[in-house]
Q: 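Take this structure, written in structure tokens, and hold onto it; I'll ask about it next.
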Amino acid sequence: MSTDQEITREIAIDVRNAVKRYGDFTALKQISLSIMDNEFFTLLGPSGCGKTTLLRMIAGFEDVTEGGIYLYGDEIENLPPHQRPVNTVFQNYALFPHMTILDNVGFGLEMRGSSKADARKRAGEMLELVQLSQFAARKPSQLSGGQQQRVALARALAPQPKVLLLDEPLSALDLKLRKAMQLELKHLQRETGITFIFVTHDQEEALTMSDRIAVMSAGELQQLGAPTDIYERPHNMFVADFIGETNLLEVSVDKIEAGRAICHLGGGHELTCNEVAGIGTGAQVHMSIRPERLFMSEQPAKGESLHGRVKENIFVGTDISTIVALDEGPDFIVRTSNSDRGNKRIFEPGTEMYINMELGAARLLVD
Amino acid sequence: MAAGAASGGSAVTDTYKESRTWLLMPAWLTLSILVLAPVTMMLVYSFLTKEFRGGVIWEFSLAAYDQFFFDRGLFGDEAPKVEWTYILIFWRSIWQAGAATILSLVIGFPTAYFIATRPEQSRPLWVFLITIPYWVNLLIRTVSMKFLLRDQGPFNDLLINIGLIDTPIHIINTNFAVQLGLFYSYLPFMVLPIYAAVERYNFTLSEAAADLYASKWVTLRRILLPAVKPGVIAGCILVFVPSMGSFLAPDLLGGAKNFMIGSLIEEQFKGNAGNWPFGAAASMILMTMVLIILLIYARQQARADKVEG
């Protein structure tokens, strides 16, 4: 079913072997990815990973050193920015300070040849969409950060671009406003049906909003997939460490049989993981286990169990994080929902207990 | 705010008021000694009677202003007609200074933009290079220009040698020579304020305009220029005002035909042939004109701001 859908869906932006070099420094090393029509696509990574460079290359602000960029099949990497039917929401909004909010929103329409009256009418509708109609006559400096953000969004959406580029648009907002805007953005994307390419360093933001995420680091694509893929099945160390909280453990692979890898954690502890292509018997690799996939019990439960002792409980609002030391082995973090406190799944420090997980919770990682 | 604090009348605000008065003294002294006193002196002198070997007789007279605006014949006994000589000189000054300002803007704006868009660490060097020629005395620079531009000078030689022209172009003793001289005298005053404004400009705004389908020209006109307008205006004022009263460039490069108001004033205070009250009156008229031009501009600006919202 889903494969059929993907075949009929058009590719909105196709980046083919794109390389970006600044002198000796390579900012992007041969990136290829296809962003689908009507997709909420996120480029995620720490600062300096090349995500903004890639976005700016799509917008036309940076040249492409090698490779190509295609917009619905048309090659665009040699077009100047004002000839590309994509619009950008800038990190610090970049609203024109000497123009009113209405003129800001209408600017792109006017530049595309609409009459001033038409541009104003359409700009008014856009302001209605982001609920800022009453501020139409004001200047940007008279608006709060969140309002400016919405104006920037309305301005970029007004000319009905084929693709909307968003460069960390929420990073300057406080937490509460950011959460509200995340939802608003997601809804806007569904309503308008425009392809969104969103750049962020905030993994939670990426997981919340995206249809698919490209995790980048040091100018390279680390993993591309749906949020659940990336979270549940991180491909390598970087992704597992960057996305969410995890237990990263050094392990050696003892043997591989029937698609399972038996791994040794040190201190005589063993765990069974899924086999990963390229990791053979005897390999020294890393393993990732999400803390919320672990649970504690007095007696070993079904699945995989490891014996240890509680070191510390840390209250983190909705959850309790428990640090567990395995007998002569590594420490683990176990996350238990706060509502489970009454079910005696929390143990006092010093208590001996077992930590348990389902088969498949532990994942081997490529370095 | 300040008025509210001052009217408080408590001990604290009184001390504050007192120390503020003392702290402002240097500014007041500077203003009164260097601005108020000379202008007042000039104003007073313009209403005195002239002494034939320069200097003044302390006797009230409107003769200086009368001489500027009215022609009463050689012996001063005819019916007054409008005296066009000085008004024409005045008009020429405005025109020449305006042309020099436009020339400075056309050359200075791209220069300032160029400097402001260099890597941050090399900008001071460019600013330094712009100011280097101005370490040389203005008189020497103007005389050098005369030498460079004369009919048998290097500029014409070069054009003839590369075959662009057959006979030298007469530049010296034309209006254009004066404009060129004024332009060169005051160019840094145009470049520096514009540079300061462009350096503060947020270039993401230009990217945003390009992203919204504006061409480079439209971006310049509708986004960059409005943002750096204060710098452009400051530059224009700083070039126009001293150009109006300048006398070196008009004297050396313009010859007798291209007399400007600065030269007229200079003549009145030079040697024994001068007329101090008349020079003072011409200065006052020049100052009034410049102030009126600035006031008209300021009022229009205020009105434009109000219309914009």
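Protein chains get the first letters and strands the later ones, always in sequence-line order, with residue 1 at the start of each.
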Q: Does anything in residues 65-93 of chain A reach chain B? List residues with heavy atoms under 4.5 Å apart, or say none.
A: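 Checking residues 65-93 of chain A against chain B gives Pro81(A), His82(A), Arg84(A), Pro85(A), Val86(A), Asn87(A), Thr88(A), Phe90(A).
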Q: Under a 4.0 Å N-O cut-off, is there an ion pair linking Glu207(B) with Arg56(A)?
A: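 Yes, Glu207(B) and Arg56(A) are salt-bridged.
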Q: Kindly assign one of parallel, tilted or perpendicular to the pair Phe203(B) and Tyr113(B), based on the angle between their ring planes and the thresholds 30° and 60°.
A: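 If you compare the ring of Phe203(B) with that of Tyr113(B), the planes turn out perpendicular.
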Q: Show the numbers, then the answer: is there a salt bridge (Lys or Arg N to Asp or Glu O under 4.0 Å) between Arg16(A) and Asp14(A)?
A: CA-CA 6 Å; Arg16(A) 298 185 197 160; Asp14(A) 202 14; 2.8 Å; yes
Q: Between Arg155(A) and Asp211(B), is the closest basic N to carboxylate O distance under 4.0 Å?
A: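 Looking at Asp211(B) and Arg155(A), the cut-off is not met.
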Q: Using a 4.5 angstrom heavy-atom cutoff, name the option from Pro97(A), Gly108(A), Gly60(A) with the most pairs to chain B.
A: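 Option with the greatest count: Gly108(A).
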Q: Only one of Leu54(A), Leu221(A), Leu28(A), Val64(A) forms a side chain to side chain contact (heavy atoms under 4.5 Å, CB included) with Val15(A), so which one is it?
A: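 With Val15(A) as partner, Leu54(A), Leu221(A), Leu28(A), Val64(A) yield a single side chain to side chain contact (heavy atoms under 4.5 Å, CB included), made by Leu54(A).
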Q: Most heavy-atom pairs under 4.5 angstrom with chain A, which of Thr204(B), Thr219(B), Ile223(B)?
A: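 With the most close heavy-atom pairs to chain A, the winner is Ile223(B).
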Q: Under 4.5 Å from any heavy atom of chain B, what part of Leu109(A) do you find: side chain, backbone, both or neither?
A: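 Neither; nothing under 4.5 Å.
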Q: Between Asp103(A) and Arg120(A) (salt bridge meaning N to carboxylate O under 4.0 Å), is one present in this structure?
A: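 Salt bridge present between Asp103(A) and Arg120(A).
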Q: What is the ring orientation for Trp135(B) with Phe128(B), classed by angle as parallel under 30°, tilted 30 to 60°, or perpendicular over 60°?
A: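 Perpendicular, since the angle between the ring planes exceeds 60°.
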